[in-house]
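Here is the structure we will look at, set down as structure tokens.
Numbers restart at 1 for each chain; the letters A, B, ... are given by sequence-line order, proteins then strands. Values in this document were obtained by computation on a predicted structure and should not be read as measured data. Just the heavy atoms: all of them, side chains too, but no hydrogens, waters or symmetry mates, feed the values below.
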There are 2 protein chains.
Amino acid sequence: MKLQQLRCIYEVVLNSFNISSAAKTMHTSQPGVSKQIQLLEEEIGVKIFQRHGKRLVGLTDPGAKVFESISEIIRESRNIKNITAEYENNNEGKFTIATTHTQARYKLPKVVETFVKKYPKINLNIHQGNPSQVTEQILKGEADVGIATETIGVNDKIFCIPCYSWNRSLVMPKGHPLEQEESITLQHLASYPLITYDYAFTGSTIVSKVFKEANVEPNIMLTAIDADVIKTYVNLDLGIGLIAEMAFDKEKDRDLIAKDVSHLFPVSTTFIGIRQDTFVRTFTCDFIRMFIPHMTDHELKIILQKRQI
Amino acid sequence: MKLQQLRCIYEVVLNSFNISSAAKTMHTSQPGVSKQIQLLEEEIGVKIFQRHGKRLVGLTDPGAKVFESISEIIRESRNIKNITAEYENNNEGKFTIATTHTQARYKLPKVVETFVKKYPKINLNIHQGNPSQVTEQILKGEADVGIATETIGVNDKIFCIPCYSWNRSLVMPKGHPLEQEESITLQHLASYPLITYDYAFTGSTIVSKVFKEANVEPNIMLTAIDADVIKTYVNLDLGIGLIAEMAFDKEKDRDLIAKDVSHLFPVSTTFIGIRQDTFVRTFTCDFIRMFIPHMTDHELKIILQKRQI
DNA sequence: TCGGTTTACGAGGATCGTAATAATA
DNA sequence: TATTATTACGATCCTCGTAAACCGA
């Protein structure tokens with residue numbers, strides 16, 4: 001059993017069972033990957049992949065179990081690279097952030113700008129996804145940190161730090177009847193077509209809960225994964241939009257009106273999460289500090305000490 | 001980075017930084033191991049081992065961190081072997097039990113006999129150690145199951161099943177003043193030199209607690225790791241012995257008297273533990289069932305389902 | 001001097017790439 | 001037919017073992 005063979009299997013699975021594609025991401029030849037997989041399967045005496053003729057179509061039953069172990073091994077080998085890179089050279093390496101659209105679009109740019117200036121040699125990646133994908137990526141070690149709202153906190157393998165809280169804003173075209181309304185209620189929202197985040201998305205479960213508890217049935221005409229799309233449809237006068245407050249830009253969204261509705265929904269909190277029992281590089285800590293300015297160095301140190309290095 | 005290199009480092013650490021000894025356990029040559037370590041250190045650009053001249057004397061700071069990851073990788077690679085062996089051939093493989101002396105000596109033999117008859121091709125190993133070593137071995141995957149009293153339960157990575165409860169017996173030479181005593185008290189125990197298990201050992205912490213709470217100071221003249229040693233010294237009339245009830249054998253210990261003291265100490269419970277998130281082979285489950293006869297198949301099934309396979 | 005580690009070196013294997021073949025959708 | 005997996009094959013690299021040199025206690 002060789003690490004390279006495990007890597008091959010790992011990449012083939014990640015590339016939807018396409019050996020050619022896996023070979024490309026590994027910068028090696030197709031036959032090489034194919035061969036290594038065969039060699040391992042022969043050695044362990046068990047087929048890892050289900051095949052339709054020559055095509056790989058999935059994992060076998062034992063293959064699925066083996067793949068779990070392989071994922072852990074790949075994660076730990078990445079961890080070793082991180083550890084050694086840290087001791088060898090402080091300012092080189094790869095840094096991957098998994099995050100949701102809202103963060104990537106409205107909160108990260110400023111921080112990333114500072115970060116890139118400070119660590120020009122770091123290869124920065126941002127993986128955008130929904131909260132459960134963010135969690136997944138942290139768990140698998142594919143991302144060094146994850147930023148999302150609430151969902152990442154549930155897993156006890158992830159260490160979470162609250163970053164900031166935010167409220168929701170209602171956006172509508174200029175001249176909309178609600179523009180003059182002093183105190184907006186859930187009933188108001190329910191009486192217009194509503195456009196908001198996809199229900200799998202951050203905080204929206206809170207939104208649906210609020211409606212349900214008030215026994216008000218909203219007329220959700222469209223859900224989107226990002227505020228830009230929502231605002232676009234609001235602009236077309238297809239309904240009113242419910243978005244995160246930071247997603248409204250007074251200057252850029254000149255044609256729209258935003259009204260605070262924090263009295264209707266509880267605040268949401270955004271967390272930054274890292275995987276427990278994983279080595280944390282200096283620049284990762286630094287990134288966290290940049291992202292959470294309200295945190296004092298003292299508080300951060302306590303967290304860092306907990307997480308050793 | 002190659003698996004073989006990680007294995008070399010792993011074995012060198014386990015062999016107290018002796019490359020020659022590691023090479024022997026790996027059935028390979030000394031220079032080969034040395035070379036592989038050098039190659040890895042060169043590749044990652046960090047020294048794993050502290051050296052005094054040519055001798056390896058310990059892990060460096062980054063080396064210690066890397067070693068943790070290596071241990072995980074080795075554990076997972078063993079796991080892969082278990083999974084595939086299970087699917088390939090049900091009745092071959094290696095089965096390691098980590099346990100304390102009392103279990104190994106008085107409870108295991110009968111079970112092991114049955115087990116070996118049923119699985120003659122399984123390579124059975126018993127690692128004897130103190131409870132914390134047992135826990136360690138389960139965690140590192142060096143043992144498939146661990147049997148000990150109480151201490152293994154504390155770690156949440158270990159899944160524990162209670163096996164049976166036991167009380168303590170007081171052993172003394174024939175003709176000892178306490179032989180005729182109807183109701184033995186802590187004061188009685190304290191008035192003679194006491195010989196019992198090493199304090200780090202199973203249940204003895206309970207014993208010391210009982211004495212402390214009763215504000216009685218026992219006169220502990222000797223502690224041993226196994227009941228045979230204790231009984232030997234009791235035979236020499238050096239004191240009275242406090243041992244697990246199953247450690248007394250009426251026939252073999254003809255020269256001694258055992259008196260139940262369950263009214264003085266709370267019962268202890270022995271647990272069998274396996275590591276969470278690790279593949280469990282059929283024969284391992286079977287062993288557990290043999291060890292816990294009071295458990296019905298139905299109950300075991302529930303446990304097995306939880307632990308998948 | 002002895003136990004232990006590294007160097008040197010050569011044989012045997014393994015890996016990887018190209019090219020060709022086979023099979024699937 | 002086009003995409004994808006396997007076979008074939010050869011060059012290169014790597015691993016491993018023996019022998020020898022080297023170092024420390």
Side-chain angles (χ1 to χ4, degrees), chain A residues 1-60 63-64 66-67 70 73-74 77 80-81, chain B residues 1-60 63 66-67 70 73-74 77 80-81 84:
Chain A
M1 189 159 58
K2 305 263 163 72
L3 258 188
Q4 184 70 347
Q5 297 170 336
L6 304 184
R7 283 194 206 105
C8 287
I9 291 173
Y10 185 76
E11 286 300 336
V12 167
V13 174
L14 258 62
N15 285 275
S16 332
F17 307 104
N18 186 322
I19 294 186
S20 315
S21 161
K24 259 179 211 159
T25 55
M26 294 179 75
H27 306 290
T28 184
S29 71
Q30 208 173 69
V33 176
S34 177
K35 194 72 189 292
Q36 290 309 316
I37 292 173
Q38 286 172 46
L39 281 173
L40 185 65
E41 285 185 329
E42 193 186 346
E43 178 188 337
I44 63 181
V46 167
K47 293 283 179 206
I48 302 288
F49 290 105
Q50 276 187 340
R51 291 169 169 84
H52 274 185
K54 287 195 171 183
R55 301 285 168 102
L56 310 195
V57 294
L59 289 165
T60 60
V66 169
F67 180 69
I70 291 179
I73 289 176
I74 300 297
S77 74
I80 291 176
K81 276 191 204 116
Chain B
M1 190 158 57
K2 305 262 164 73
L3 259 188
Q4 185 69 348
Q5 297 170 336
L6 303 184
R7 284 193 206 106
C8 288
I9 290 173
Y10 184 76
E11 286 300 336
V12 167
V13 173
L14 257 62
N15 284 275
S16 328
F17 308 103
N18 185 320
I19 294 186
S20 314
S21 161
K24 260 179 209 160
T25 55
M26 295 179 75
H27 306 289
T28 184
S29 72
Q30 209 173 68
V33 176
S34 177
K35 195 73 189 292
Q36 289 309 316
I37 292 173
Q38 286 173 48
L39 280 173
L40 184 66
E41 287 186 329
E42 192 186 347
E43 178 188 337
I44 64 181
V46 166
K47 292 283 179 206
I48 302 288
F49 290 104
Q50 275 186 341
R51 291 169 169 83
H52 273 183
K54 287 196 171 184
R55 303 284 169 102
L56 310 195
V57 294
L59 289 165
T60 61
V66 168
F67 180 69
I70 291 179
I73 289 175
I74 300 297
S77 73
I80 290 175
K81 276 191 204 119
T84 54

Length of the [atom1]-[atom2] vector between [X] and [N], whole Å:
X: A/Ile48; N: D/dA5; atom1: CD1; atom2: P; answer: 17 Å
X: B/Lys54; N: C/dT5; atom1: NZ; atom2: P; answer: 10 Å
X: B/Leu56; N: D/dC23; atom1: CG; atom2: P; answer: 16 Å
X: A/Gln30; N: D/dA2; atom1: CD; atom2: C1'; answer: 13 Å
X: A/Glu42; N: C/dT15; atom1: CD; atom2: P; answer: 12 Å
X: B/Phe17; N: C/dG3; atom1: CZ; atom2: C1'; answer: 18 Å
X: A/Leu3; N: C/dA14; atom1: CG; atom2: P; answer: 18 Å
X: B/Asn15; N: C/dG4; atom1: CG; atom2: P; answer: 11 Å

(message) Angle between ring planes, B/Tyr10 versus B/Phe67, binned at 30° and 60°: parallel, tilted or perpendicular?
(response)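 If you compare the ring of B/Tyr10 with that of B/Phe67, the planes turn out parallel.
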(request) Look at the side chain of B/Lys2 and decide which nucleotide, out of C/dA14, D/dC14, C/dT6, has an atom nearest to it. (result) D/dC14
(message) Starting the side chain at C-beta, find the nucleotide from D/dA5, D/dC16, D/dC22 nearest to B/Thr28.
(response) D/dC16
Can you check whether [X] has a side-chain N or O nearer than 4.0 Å to OP1 or OP2 of [N]?
X: B/Gln36; N: D/dC16; answer: yes
X: B/Lys35; N: D/dT15; answer: no
X: A/Gln38; N: D/dT7; answer: yes
X: A/Ser29; N: C/dT18; answer: no
X: B/Ser20; N: C/dT5; answer: yes
X: B/Ser34; N: C/dT6; answer: yes
X: B/Arg51; N: C/dT6; answer: yes
X: A/Asn18; N: D/dA5; answer: yes

(message) Between C/dT24 and A/Arg55, counting only base atoms on the nucleotide and side-chain atoms on the residue, is there a donor-acceptor pair under 3.5 Å?
(response) yes
(request) Please report the shortest heavy-atom distance between A/Arg51 and A/Ile37, naming the atom on each side. (result) NH2-CG2, 4.1 Å
(request) Of all the heavy-atom pairs spanning B/Arg7 and A/Met1, show the shortest one and how long it is. (result) NH2-O, 3.3 Å
(request) Run the salt-bridge test on A/Lys35 and A/Glu41 with the 4.0 Å N-O cut-off and return the result as yes or no. (result) no
(message) Side chains of A/Ser34 and A/Gln30: any donor to acceptor distance under 3.5 Å?
(response)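 Note: A/Gln30 and A/Ser34 side chains miss the donor-acceptor criterion.
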(request) Tell me which of A/His27 and A/His52 sits closer to the 5' end of DNA chain C, going by the nucleotide each one is nearest to. (result) A/His27
(request) Find which nucleotide of DNA chain C each of A/Gly53 and A/Gln5 is nearest to by heavy atoms, and output the residue with the more 5' nucleotide. (result) A/Gln5
(request) Run the numbers on A/Asn18 and A/Val12 for side-chain contact (heavy atoms from CB on, under 4.5 Å), then give the verdict. (result) CA-CA 6 Å; A/Asn18 186 322; A/Val12 167; over 6 Å; no
